Amino acid sequence: SLLSLSVGSCSQSDHWIADTSEELTRGVTFNIPLSAQESVISDLQIFLYDSVGTDKLAQVEITSIEEQADGSQMIHGVLPVTCPAINGDTLECHMVILGNCPETDGSLSSLQTLTFEANSPLTPMVGAHSVKTRMDRRLEVLCPTTNMLRSGALVTVRLGEELSSAGITLKEAKLLNGNQTGFCAPRSATQLNTSDNLATDLIFNPDARQKADIALQMRADGSLQGLVPECVTPAEG
């Protein structure tokens, strides 16, 4: 599942300073493409952190969500014009977007302790992007494209065509000795330049406090599927 944020700007020669003397809000427009076949994203939470990712600056207030013809969503939100992420006519921050995750105040300690359970009915998702962009004179910012990624793995088991045509059906499948809980956000969430690079940047803390078998759930098409938290591989010790 993917999340998209793109930032609009004025010409480089047209610099200007926002008037922060009035109680204004800055419109922030998000474009979020989702893959309906994989996950549905709800309960979005959007947080901004400083340019080095150590301090929370603000939470975006989501005002509306528009469904787009291509299956994406357009997220509209606002920030106070006095938000510390705004410097003159530039928005500079690390942005973290959570979907299907527990409510959080966005503090680093809270963000890094959000967990989900194996086979959660809604798949927790996270997206992150480093943002440095100009806003236009209407006090609007269109942020850069950001991918929303699952915090756990969706494991699907289905029979091959030959077995299905022979009348064989699946009754049950289990992942043995799996982690029962996982973390919603990676350790580096507030410092990522982008969430696109899952292999090298999105490092989760496997939670192995409780391990047990994870039974995959039957789906309408006869396959079995389950949400599986991150685990420690033999190579990781």
Side-chain angles (χ1 to χ4, degrees), residues 1-8 26 28-35 38-62 65 72-79 83-87 90-116 120 122-133 135 141-154 182-207 227 229-230:
S1 303
L2 305 176
L3 173 92
S4 236
L5 310 164
S6 303
V7 180
R26 184 173 317 289
V28 182
T29 302
F30 297 92
N31 181 32
I32 308 177
L34 306 178
S35 174
E38 295 182 0
S39 299
V40 174
I41 295 183
S42 61
D43 300 321
L44 283 171
Q45 302 174 79
I46 304 171
F47 299 99
L48 305 184
Y49 301 85
D50 65 2
S51 58
V52 293
T54 57
D55 292 312
K56 174 193 166 187
L57 302 179
Q59 179 172 3
V60 175
E61 178 189 351
I62 298 174
I65 300 176
S72 68
Q73 291 178 322
M74 182 70 75
I75 310 300
H76 300 285
V78 292
L79 284 172
C83 172
I86 298 168
N87 181 14
T90 302
L91 174 68
E92 183 173 5
C93 61
H94 277 283
M95 179 172 54
V96 176
I97 305 107
L98 302 175
N100 303 338
C101 293
E103 290 293 320
T104 173
D105 62 9
S107 63
L108 292 183
S109 58
S110 173
L111 191 69
Q112 294 172 0
T113 54
L114 288 180
T115 59
F116 67 94
S120 172
L122 285 177
T123 303
M125 307 196 76
V126 62
H129 211 293
S130 177
V131 177
K132 186 175 183 180
T133 188
M135 61 192 171
V141 177
L142 187 62
C143 294
T145 301
T146 300
N147 287 337
M148 288 296 283
L149 304 171
R150 291 189 296 266
S151 301
L154 277 179
F183 286 98
C184 296
R187 295 195 298 258
S188 56
T190 64
Q191 300 172 337
L192 290 176
N193 288 325
T194 174
S195 55
D196 292 348
N197 196 335
L198 176 63
T200 59
D201 289 339
L202 289 182
I203 307 300
F204 289 83
N205 283 315
D207 186 348
L227 177 63
E230 186 90 350

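Computed from a predicted structure; not experimentally measured.
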Val126 vs Cys101 side-chain heavy atoms within contact, under 4.5 Å
no
Take Leu98 and Leu111 through the test side chain to side chain contact (heavy atoms under 4.5 Å, CB included) and record every step on the way to the result.
CA-CA 10 Å; Leu98 302 175; Leu111 191 69; 3.8 Å; yes
Of all heavy-atom pairs between Lys132 and Thr90, which one has the smallest distance, and what is that distance?
CG-CG2, 4.1 Å
Give the minimum heavy-atom separation between Gly77 and Val60, together with the two atoms involved.
CA-CG1, 4.0 Å
Interatomic distance, Leu122 atom CG to Phe116 atom CZ [nearest 0.5 angstrom]
12.5 Å
Determine yes or no for a side-chain-to-main-chain donor-acceptor pair under 3.5 angstrom, with Gln45 supplying the side chain and Thr104 the backbone.
yes
Specify the closest pair of heavy atoms between Ser109 and Thr113, including all atoms of both residues, with the distance to one decimal.
O-OG1, 2.9 Å
Mind checking the CZ-CG spacing from Arg187 to Leu192? Nearest 0.5 Å is all I need.
11.5 Å
Using every non-hydrogen atom in the two residues, find where Ala58 and Cys83 come nearest and quote the distance to one decimal.
CB-SG, 3.6 Å
Enter the distance from Asn87:CG to Glu92:CD here, rounded to the nearest 0.5 Å.
7.5 Å
Within the 4.5 Å heavy-atom criterion, are Pro84 and Asp50 side-chain neighbours or not?
no
Can you name the nearest heavy-atom pair linking Met95 to Val131, along with the distance?
CE-CG2, 3.8 Å
Determine whether a donor-acceptor pair (N or O, by modelled atom type, separation under 3.5 Å) exists between the side chain of His94 and the backbone of Ala128.
no
Keeping Asn100 on the side-chain end and Thr123 on the backbone end, is there a donor-acceptor pair under 3.5 Å?
yes
Test Leu44 against Ile97 for side chain to side chain contact (heavy atoms under 4.5 Å, CB included), laying out the working first.
CA-CA 7 Å; Leu44 283 171; Ile97 305 107; 3.8 Å; yes
As an exercise, state the distance from CG of Leu48 to CG of Leu57, rounded to the nearest 0.5 Å.
6.5 Å
Just by modelled atom types, is the Gly53 backbone N or O under 3.5 Å from a matching donor or acceptor in the Thr190 side chain?
yes
Working to the nearest 0.5 angstrom, can you tell me the gap between Leu91 CG and Ile86 CD1?
6.0 Å
Atom pair CZ/SG of Arg150 and Cys184 - distance to nearest 0.5 Å
14.5 Å
Testing the basics here: between Lys56 and Ser107, what is the closest heavy-atom pair and its distance to 0.1 Å?
CD-N, 4.2 Å
